[in-house]
Protein chains: 2
Amino acid sequence: MNRAAATIARRDASPASADWPGDVLARADKARVRTRSCAQCDLGSLAFCDGFAPRTVSSIRRVQCTVQHDAHDTLFREGDEGAAVYSVLSGAIKVYKLMPDGRRQITGFFFRGDMFGFCLDGSYAYTAEAITPIEVCRLPMQRLNDLSETAPEVQHRIMLRMTAKLAQFHNHVLLLGRKTARERVATFLLSLSDRARRRGDPPSPLALPMGRADIADYIGLTVETVSRTMTAFKRDGLIDLPTPNHIDICRAEALRAVSDGTARG
Amino acid sequence: MNRAAATIARRDASPASADWPGDVLARADKARVRTRSCAQCDLGSLAFCDGFAPRTVSSIRRVQCTVQHDAHDTLFREGDEGAAVYSVLSGAIKVYKLMPDGRRQITGFFFRGDMFGFCLDGSYAYTAEAITPIEVCRLPMQRLNDLSETAPEVQHRIMLRMTAKLAQFHNHVLLLGRKTARERVATFLLSLSDRARRRGDPPSPLALPMGRADIADYIGLTVETVSRTMTAFKRDGLIDLPTPNHIDICRAEALRAVSDGTARG
DNA sequence: CGTTGACTTGATAGCAGTCAAGTCAAGTGG
DNA sequence: CCACTTGACTTGACTGCTATCAAGTCAACG
């Protein structure tokens, strides 16, 4: 189980080096930065640099570094200087915003192959936190910009990722603004399932690495309502819950109908 | 008054030409496309191409066209091929998504200097509709991509706009997921006011080109709740409503406190 | 075997939605 | 000029969905 990773020694006070950029260490104090680079990257077609010209790939390799974090580590905070984008190699990450009184809104979950941290200049608009032990590929934004002089395809691909994220936000805003609790939970589960399928994960049982509180803060409900709704779906035979963190979608069409509000009743 | 623009003749069945791209006419059947180009553009520092090298600007001019629409015209629909991005010269535009049963979520308002329609490939994720008579600068996305070979600053600037939009979405998701009705309305009014200031519009009275129903569908409430809340703000002296479509923000700090949930009571 | 934390279930309350009617300004036509 | 229409906004009464508060279940762990 991935708890084991949490036992690896931390490099809290090690000096920065060319391979381990100082700002990574300054910001993410508990990060373990590995010298070995993209060579062992197993993202395949999910990788940001998949399909780039060899020269472009090696340019990216020179500025990239791989970082490991324990569960619950904070990668960066809202207001931090937005210095890098991240590509997820393994594990799950959540990003969120807080209100002064502690209300929290999770604005995204990120899994293997996903990228987050887009921030051209200025500071991050949100905090990023590891849900499970994670491994991410860190790409300094400034270096990627420099690359664009010789390799415009790099910028183009970042834009593709950002466009996809924008489309996702449009859907999520619809969910938060206009969907009922049942519709929100159904939409959320189908979206997780769809993303698992796209990245080639076994579709069943679907892993829910985040807790009920995270789900609630993502879809704008409370823990209790999420729990009640999932229980109701189970009672109605739409899903099964072998464990609280694994679901089987039994009747995808029916769940889809709930999700877009066309379910009868 | 800008109603006058609505009387200009339409060019419904005119043949396409190099200056008036065929796809503009096919999609936006009621559009009036003007041959005169960026020469008369008065966006100044708000313009997408402001500050680009003269050669880059003239490349953009060659592929750009200016389009006029009446209020309530649809520029493109959810599912249409995403062929172009738009920069607003004048007027107000809303973009929205619909659910099968008619529920609507407005995901953005766009004013002078704003850009919308980002969609690298695939189709638009939302419908765009003119609120008032509008004039927009249409930039075919494919042509902008071609330009990036010689002028990477074009892509970079698109990325800046997209990054800003992403940050905006994070805030809007927080509003929809976790804010109360009062907080939502306060946040909305302050955001409109802030955007007016940034584009150099007179800050007071603040124009509300959209109706109550549009506001409600943007911040996830009903018309009645929006109306009641604005009335309450007026009663409490936070704002004044000289007409239903113009507001004066009387106590900005107090409204700000309501907006981020720090207001007492 | 007790502790802990996450999840679930139950009872009640409240905020915003729904339904309905009223106000108001701008147009329209006699 | 004035009665009538229209559409947008406002106000009021009531309902209901989801939040809140509280307690119970359960598995993991030491």
Side-chain angles (χ1 to χ4, degrees), chain A residues 1-4 6-7 71-72 99 101-105 131-132 175-186 188-189 207-235 239-247 258 261 265, chain B residues 1-3 6 71-72 99 101-105 131-132 175-186 188 207-235 239-247 258 261 263 265:
Chain A
M1 198 227 171
N2 49 16
R3 268 278 126 205
T7 64
H72 312 302
M99 290 178 66
D101 61 5
R103 275 176 284 176
R104 184 181 71 157
Q105 177 66 39
I131 295 174
T132 63
L175 178 151
L176 290 170
R178 286 296 176 233
K179 291 192 179 185
T180 65
R182 279 175 67 86
E183 290 163 359
R184 292 180 197 211
V185 174
F188 172 72
L189 294 178
L208 298 180
M210 70 294 288
R212 296 291 187 271
D214 286 345
I215 297 176
D217 282 348
Y218 181 59
I219 60 181
L221 299 172
T222 58
V223 177
E224 294 93 329
T225 300
V226 170
S227 180
R228 274 188 251 274
T229 306
M230 304 241 297
T231 304
F233 283 164
K234 181 175 178 176
R235 174 173 39 70
I239 64 171
D240 193 22
L241 285 165
T243 85
N245 292 97
H246 292 87
I247 76 158
V258 173
Chain B
M1 195 226 172
N2 50 16
R3 264 282 125 201
H72 313 301
M99 289 178 66
D101 62 4
R103 275 176 284 175
R104 185 181 68 157
Q105 177 66 39
I131 295 175
T132 63
L175 178 151
L176 291 170
R178 287 294 176 236
K179 291 194 178 183
T180 65
R182 277 175 69 86
E183 290 163 359
R184 292 181 197 210
V185 175
F188 172 72
L208 300 180
M210 70 295 287
R212 296 291 186 272
D214 286 346
I215 297 176
D217 282 348
Y218 181 59
I219 60 180
L221 298 172
T222 58
V223 176
E224 294 92 331
T225 301
V226 171
S227 180
R228 273 187 252 274
T229 306
M230 304 241 297
T231 304
F233 283 164
K234 181 176 179 176
R235 175 173 38 73
I239 64 170
D240 193 24
L241 285 165
T243 84
N245 292 98
H246 292 88
I247 76 159
V258 173

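All chains are named by letter (A, B, ...) in the order of the sequence lines, taking the proteins before the strands, and each is independently numbered beginning at 1.
- When the P atom of D:dC17 is taken as reference, atom NZ of A:K179 falls 18 Å away, rounded to whole Å.
- Taking atom CD1 of residue A:I239 and atom C1' of nucleotide C:dC7, one finds them 14 Å apart after rounding to whole Å.
- Taking the side chain as every heavy atom from C-beta outward, A:P244 and A:M230 never approach each other to under 4.5 Å.
- Rounded to whole angstrom, the span from the CD1 atom of B:I215 across to the P atom of D:dC9 amounts to 8 Å.
- Atom P of nucleotide C:dT9 and atom CZ of A:R212 are separated by 11 Å, given to the nearest angstrom.
- To the nearest 0.5 Å, atoms CG (A:L221) and CZ (A:R182) are separated by 13.0 Å.
- Considering CD1 of A:I247 and CG of A:L189, their distance stands at 4.0 Å, rounded to 0.5 Å.
- When rounded to the nearest whole Å, the span between CZ of B:R228 and P of C:dG22 equals 16 Å.
- Regarding A:R182, its CZ atom lies at a distance of 18 Å from the P atom of D:dG16, rounded to whole Å.
- Distances shown here put every side-chain N or O of B:T222 at or beyond 4.0 Å from the OP1 or OP2 atom of C:dA16.
- Along DNA chain C, the nucleotide closest to A:L241 and the one closest to A:R178 are compared, and the more 5′ of them pairs with A:L241.
- Here the OG1 atom belonging to A:T229 is positioned 10.5 Å from the CD1 atom belonging to A:I215, to the nearest 0.5 angstrom.
- As rounded to whole Å, 13 Å separates atom C1' of C:dC7 from atom CG of A:D214.
- Rounded to an integer number of Å, the gap from B:E224 CD to D:dT15 P is 17 Å.
- Nucleic acid contact for B:T231: sugar-phosphate only, since backbone atoms but no base atoms lie under 4.0 Å from a heavy atom of the residue.
- For C:dG17, the OP1/OP2 oxygens have a side-chain nitrogen or oxygen of B:T225 closer than 4.0 Å.
- For A:N245, the listed nucleotide lying nearest its side chain is C:dC7; candidates were D:dT18, C:dA16, C:dC7.
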